[in-house]
Amino acid sequence: MALIKRVWNMIISLLIIVFGWRCSDGCLTHEKIALLQLRRSFNESTDLSDWVKENSDCCQWGRIECDESTKAIKSLDLSYVSMFYFDYSVLYLNASLFQSFEKLQSLSLEGNLLDGFVHDGGVERQLTLPNLEFLDLSYNTLGKDIITLLNGLTSLKYLNLRHNQLNGSVNFKDVPSSLEELDISDNLMKEMVIPKDGESLRNLKVIWLEDVDADKIGLLQSLASLPFLKTNMTNVEELMMDESDLDINFFRRLDGLPSLKVLYLNYSVINEPLTAQDLPNFKKLEVLDMSNIVLHASFLHSVGEMNALKDFKFTSCRHNESRSALQGID
């Protein structure tokens, strides 16, 4: 009988090692502990009111999605939960807490006045989440040093840094090469610095650069530089630059994006009307939104030469020639 009990204990121990220690209802204990510590980091936010010790299955808590078979957390939505938001105090999160979520694929920390990730001693520390594919850090107060804390996210495909405090010259050498979509809209960045080997952005397909103005012309030049584009961004398929203040020369250099399929320029201001010679004849462009901007009529006629174009929007578009010059434009 004693032998059977020892064998049974060995089997239980082996299952714990292989599958991880779980609560009676399936929630992984070490992940639950990390979640409760995170709630304290957010000053016991009322948005996390169901995150309580007595509620044993953390997979049933709000803002959490678990894998059905392993019960490991795969998605964590912590957007706009910080109680610091109401008194404008910045938030620092302990990066080591996130290491408990080994299978995490999606993480949103949008809108928390997040200022950085630190270790127990208060020193900045990088995030290490090998399975994370989606990371939303938008509407926080993160500075350009956040880029250096991301190279441990080796599977990252989507990164949103919209409306932070990325300013001056920002080095993107530590951005994971797996990245496919990047949103750096509405920042104070003046230049993107990319290594010459182009490794960090070689798989980038979608760029969001909305609300870019003339004060950030260095940023536009770093994007529009032909050697830069040909080396690093030949795979870019979508470029979003709505509500931007742009120089005409930017468009004349866009032929460095041979794979471009979608271009949004809605409500942008260009320093002179676009003509037929200003935008390259994109062979793969399918969607072009130039609503609410000033166009030369000759440019509109050149749109017909974009053979792959399926959707051309120029609602409320202004032009500087007579209406008769636009006849034949569909």
Side-chain angles (χ1 to χ4, degrees), residues 3-42 44-82 93-112 114 117 119 125-138 149-160 175-183 203 205-206:
L3 178 61
I4 294 175
K5 185 176 181 180
R6 285 199 298 270
V7 171
W8 177 250
N9 288 336
M10 290 176 62
I11 292 173
I12 294 298
S13 299
L14 181 61
L15 289 174
I16 290 172
I17 293 173
V18 174
F19 296 104
W21 181 258
R22 297 178 183 174
C23 296
S24 58
D25 292 328
C27 175
L28 301 183
T29 300
H30 69 282
E31 292 191 339
K32 179 179 179 180
I33 293 172
L35 289 172
L36 292 173
Q37 290 178 313
L38 273 174
R39 186 189 175 192
R40 287 194 289 272
S41 299
F42 286 104
E44 304 291 341
S45 172
T46 54
D47 290 308
L48 306 176
S49 58
D50 60 339
W51 289 25
V52 292
K53 189 174 182 179
E54 291 74 17
N55 187 352
S56 58
D57 188 3
C58 60
C59 290
Q60 301 301 316
W61 294 356
R63 298 173 173 266
I64 292 171
E65 183 180 354
C66 293
D67 184 272
E68 292 184 1
S69 58
T70 66
K71 300 302 180 183
I73 294 175
K74 65 178 184 180
S75 178
L76 187 55
D77 180 3
L78 292 170
S79 57
Y80 293 97
V81 297
S82 176
L93 290 176
N94 190 334
S96 61
L97 292 179
F98 292 96
Q99 292 182 348
S100 300
F101 311 115
E102 299 172 0
K103 303 299 182 181
L104 192 65
Q105 299 175 16
S106 175
L107 174 62
S108 176
L109 290 164
E110 177 187 359
N112 287 302
L114 178 64
F117 296 94
H119 192 250
R125 178 172 176 171
Q126 71 174 215
L127 289 172
T128 305
L129 293 166
N131 293 298
L132 193 70
E133 297 182 358
F134 178 99
L135 179 59
D136 188 348
L137 297 173
S138 60
L149 306 180
L150 300 179
N151 59 7
L153 308 178
T154 53
S155 299
L156 194 65
K157 294 181 179 179
Y158 173 90
L159 175 60
N160 191 343
V175 171
S177 60
S178 58
L179 194 67
E180 296 180 1
E181 183 168 353
L182 174 65
D183 190 339
N203 290 310
K205 296 179 180 179
V206 181

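Here the structure is a predicted model, which is why all the values come from computation and not from measurement.
Put simply, the side chain of L129 does not reach to within 4.5 Å of the side chain of L135, judged on heavy atoms. The shortest side-chain heavy-atom distance between L28 and T70 does not fall under the 4.5 Å cut-off. For the pair L35/F101, a side-chain contact is recorded, criterion being any heavy-atom separation below 4.5 Å from C-beta on. No side-chain heavy atom of N94 sits under 4.5 Å from any side-chain heavy atom of Q37.
Applying the side-chain contact (heavy atoms from CB on, under 4.5 Å) rule to D183 yields the partners N160, R162, S185, W208; only residues at least two apart in sequence or on another chain are considered. With sequence neighbours excluded, no residue forms a salt bridge (charged side-chain N to carboxylate O under 4.0 Å, His left out) with D136. Legend: residues meeting salt bridge (charged side-chain N to carboxylate O under 4.0 Å, His left out) with K103, ordered by chain and number and at least two apart, are absent.
Relative orientation of the F98 and F117 rings is perpendicular, given thresholds of 30° and 60° on the angle between their planes.
Scanning both residues, L36 and W51, for their nearest heavy atoms gives CD2-O, 3.6 Å.
Disulfide criterion (SG-SG under 2.5 Å) for C58 and C66: not met.
With values rounded to the nearest 0.5 angstrom, L76 atom CG is found 12.5 Å from Q105 atom CD.
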- Item | Stepwise side-chain contact (heavy atoms from CB on, under 4.5 Å) check, V81 with N112 | CA-CA 7 Å; V81 297; N112 287 302; 3.8 Å; yes
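Screening L93, L153, L132 for a side chain to side chain contact (heavy atoms under 4.5 Å, CB included) involving L127 leaves a single residue, L153.
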